[in-house]
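See below for the structure under consideration.
Values in this document were obtained by computation on a predicted structure and should not be read as measured data. Protein chains get the first letters and strands the later ones, always in sequence-line order, with residue 1 at the start of each.
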There are 2 protein chains.
Amino acid sequence: MGRRSGILEFAVLGLLRESPMHGYELRKRLNTSLGVFRAFSYGSLYPCLKTLVQRGWLAEEPGEASEESLAALAGRRAKIVYRLTAEGKEHFEELLAQTGPDTWEDEHFGVRFAFFGQTSRDVRMRVLEGRRSRLEERLARMRASLARTGERLDDYTLELQRHGMESVEREVRWLNELIESERVGRDQHRGDTPPDPSDDTTK
Amino acid sequence: MGRRSGILEFAVLGLLRESPMHGYELRKRLNTSLGVFRAFSYGSLYPCLKTLVQRGWLAEEPGEASEESLAALAGRRAKIVYRLTAEGKEHFEELLAQTGPDTWEDEHFGVRFAFFGQTSRDVRMRVLEGRRSRLEERLARMRASLARTGERLDDYTLELQRHGMESVEREVRWLNELIESERVGRDQHRGDTPPDPSDDTTK
DNA sequence: GTTTTCATGTAACCCGTTACATGATTCA
DNA sequence: TGAATCATGTAACGGGTTACATGAAAAC
């Protein structure tokens, strides 16, 4: 009953911050904008929306059906448009400011990155660097275990391991570039191409 | 109660086919040999082992504790070594032969690949090609959605999408190489380097 | 002799999916 | 007017984790 998701909740708040939407549309945007990473179903989305409303972070608005008068009749079910409340916005901003360890875990990182446009630069930096060191740890462990057991593994397992390591190395290089360009953005000046200075007057 | 996992079950059977082991060791091998992909906990492993025993696919053996005589005393708990039974082996071989659509889903593919050493060549081919066309579909969808919504996305979301697509493209290239080398292995002759002709006398 | 690592297990929970049920709107 | 798509929702399940509890063996 008490759906307190995490990543889905975060994504919903983030998308609704940009503009109000109804569930169906929300789901499509979740599964495209958010990338390849996750594909949520209605079975998780609608209950999530409900609890977010209960907590006062979202407000339901009767969607514009066709003609106003018709929609109001006898329990007529129409599109429900959700919008972020003031408390919801505040809460989302708190979430955006978080830089805890789980922030750079596989599942979370993608969503966090997707909302970097609304994230302050120093938080972006911490998340990117956290992710990078996370991956570097992983690489170290993989190399170690490969050195230990490397000889007695069959060709396919070895190939799988090799490809896995290359993937991780590639993501590290990607992060390096991102971190570098964030740094340049800070050192040089403002207004280069860095995606809007973020309207963080909240804090 | 009725843990009928799928990927964990498959991996356990596969590892135990190579040699008997106890749970603790099994878990380590799951989290290294099987690659970066998944990290199982005891909370899922032990219940899984239990149900596999119940179905007659695994047999428990009292592990060699220290001195034989001591181990037999009053309900003494010692290492439990699991080995694959004949039925278990047969069942695993059936699983290995499967080429259904979920075979090439993200989660399954890694484990399937890890046991390619024990998989017949034509099944390997079907799995690799299935995976590839799965990824190509995904690429097509990504490109389409990028073309539609591409302009009105912020820089970070776009970058995320771009990086995601590159990852998928990279895996496709990897699959191409693998498929090619499988094909060469078949066309040329036997005993090139193709990792053992597989002892499939079962069928 | 105490801390670490090895080793086995369980109960509660988490975050999601599947399959289903319902109805409105658009399009051919 | 019937099919496809849009739109909302729920109950049952699924496959795993976390946190906990226990105890033996090895290392210091």
Side-chain angles (χ1 to χ4, degrees), chain A residues 1-12 21-31 34 37-53 58 60-67 70-82 101-102 105-108 111, chain B residues 1-12 20-31 34 37-53 58 60-67 70-71 73-82 101-102 105-108 111:
Chain A
M1 289 262 167
R3 293 258 180 283
R4 43 193 146 295
S5 304
I7 129 167
L8 175 55
E9 185 178 304
F10 183 86
V12 165
M21 265 180 283
H22 57 270
Y24 192 86
E25 193 184 348
L26 201 47
R27 192 220 176 200
K28 280 200 300 188
R29 303 230 14 214
L30 278 172
N31 297 207
L34 270 295
F37 308 94
R38 315 197 98 278
F40 294 100
S41 64
Y42 301 120
S44 38
L45 177 57
Y46 284 115
C48 173
L49 285 170
K50 211 169 232 180
T51 74
L52 290 180
V53 168
L58 300 186
E60 299 181 351
E61 286 173 357
E64 15 55 68
S66 30
E67 298 301 303
L70 288 169
L73 295 171
R76 181 105 136 42
R77 191 177 57 167
K79 283 204 282 195
I80 299 171
V81 175
Y82 294 91
D102 31 305
E105 285 306 311
D106 293 319
E107 332 79 55
H108 289 56
V111 203
Chain B
M1 291 262 165
R3 292 262 179 281
R4 41 192 147 294
S5 304
I7 129 167
L8 176 54
E9 186 177 303
F10 183 85
V12 165
M21 264 180 286
H22 56 271
Y24 192 86
E25 193 185 348
L26 201 47
R27 193 221 174 199
K28 279 199 302 189
R29 301 228 20 211
L30 279 173
N31 296 211
L34 271 292
F37 308 92
R38 313 196 101 277
F40 294 100
S41 63
Y42 300 120
S44 39
L45 177 56
Y46 284 115
C48 173
L49 285 170
K50 212 170 230 178
T51 74
L52 290 180
V53 169
L58 300 186
E60 299 182 350
E61 286 172 357
E64 16 54 68
S66 30
E67 298 301 304
L70 288 169
L73 296 171
R76 178 99 140 46
R77 190 177 58 168
K79 283 204 282 195
I80 299 171
V81 175
Y82 294 91
D102 31 305
E105 285 307 309
D106 292 319
E107 332 79 55
H108 290 57
V111 203

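Contact annotation: the side chain of A:L26 approaches that of A:M21 to within less than 4.5 Å [non-hydrogen atoms, C-beta and beyond]. No side-chain heavy atom of B:V12 sits less than 4.5 Å from a side-chain heavy atom of B:Y82.
To the nearest 0.5 Å, the span separating CD on A:E61 from NZ on A:K79 amounts to 13.0 Å. Of the inter-residue distances, the one linking A:I80 atom CD1 with A:H22 atom NE2 reads 10.5 Å to the nearest 0.5 angstrom. Distance check, rounded to the nearest 0.5 Å: CG of A:L8 to CG of A:L30 gives 6.5 Å. Note that the CD1 atom of B:I7 and the CG atom of B:D102 stand 12.0 Å from one another [nearest 0.5 Å].
Overall, the helix from C:dG1-D:dC28 to C:dA28-D:dT1 carries an axis bend of 30° between its ends, with five pairs at each end and the value rounded to 10°.
In terms of phosphate contacts, A:S44 brings no side-chain nitrogen or oxygen within less than 4.0 Å of OP1 or OP2 of C:dG16. Regarding contacts with the backbone of C:dT10, a side-chain N or O of B:K50 is found under 4.0 angstrom from either OP1 or OP2. Phosphate contact (OP1/OP2 of C:dG9, side-chain N/O of B:Y42, threshold under 4.0 Å): absent.
For the pair A:F40 CZ and C:dC15 P, the interatomic distance rounds to 11 Å; values are reported in whole Å. As a whole-Å value, the separation of A:D102 CG from C:dC15 C1' is 15 Å. In this structure, B:E105 atom CD and D:dG15 atom P are separated by 15 Å, rounded to whole Å. If you measure from atom CD of A:E107 to atom P of D:dG15, you get 19 Å, rounded to the nearest angstrom. Rounded to an integer number of Å, the gap from OH of A:Y24 to P of D:dC6 is 4 Å. Atom pair B:M21:CE and C:dC6:P shows a separation of 16 Å (rounding to whole Å applied). The nearest whole Å value for the distance from the CD atom in A:E9 to the C1' atom in C:dC15 is 12 Å. As a whole-Å value, the separation of A:K79 NZ from C:dT22 P is 23 Å.
Checked by atom type and distance alone, the side chain of A:R27 never pairs as donor or acceptor with a backbone atom of A:L45 at under 3.5 Å.
Closest to the A:S41 side chain, of the nucleotides C:dT17, D:dG16, C:dT8, is C:dT17.
Between B:Y46 and A:L45, the residue whose closest nucleotide on DNA chain C is further toward the 5' end is B:Y46.
Among the heavy atoms of the strands, none lies under 4.0 Å from B:F10.
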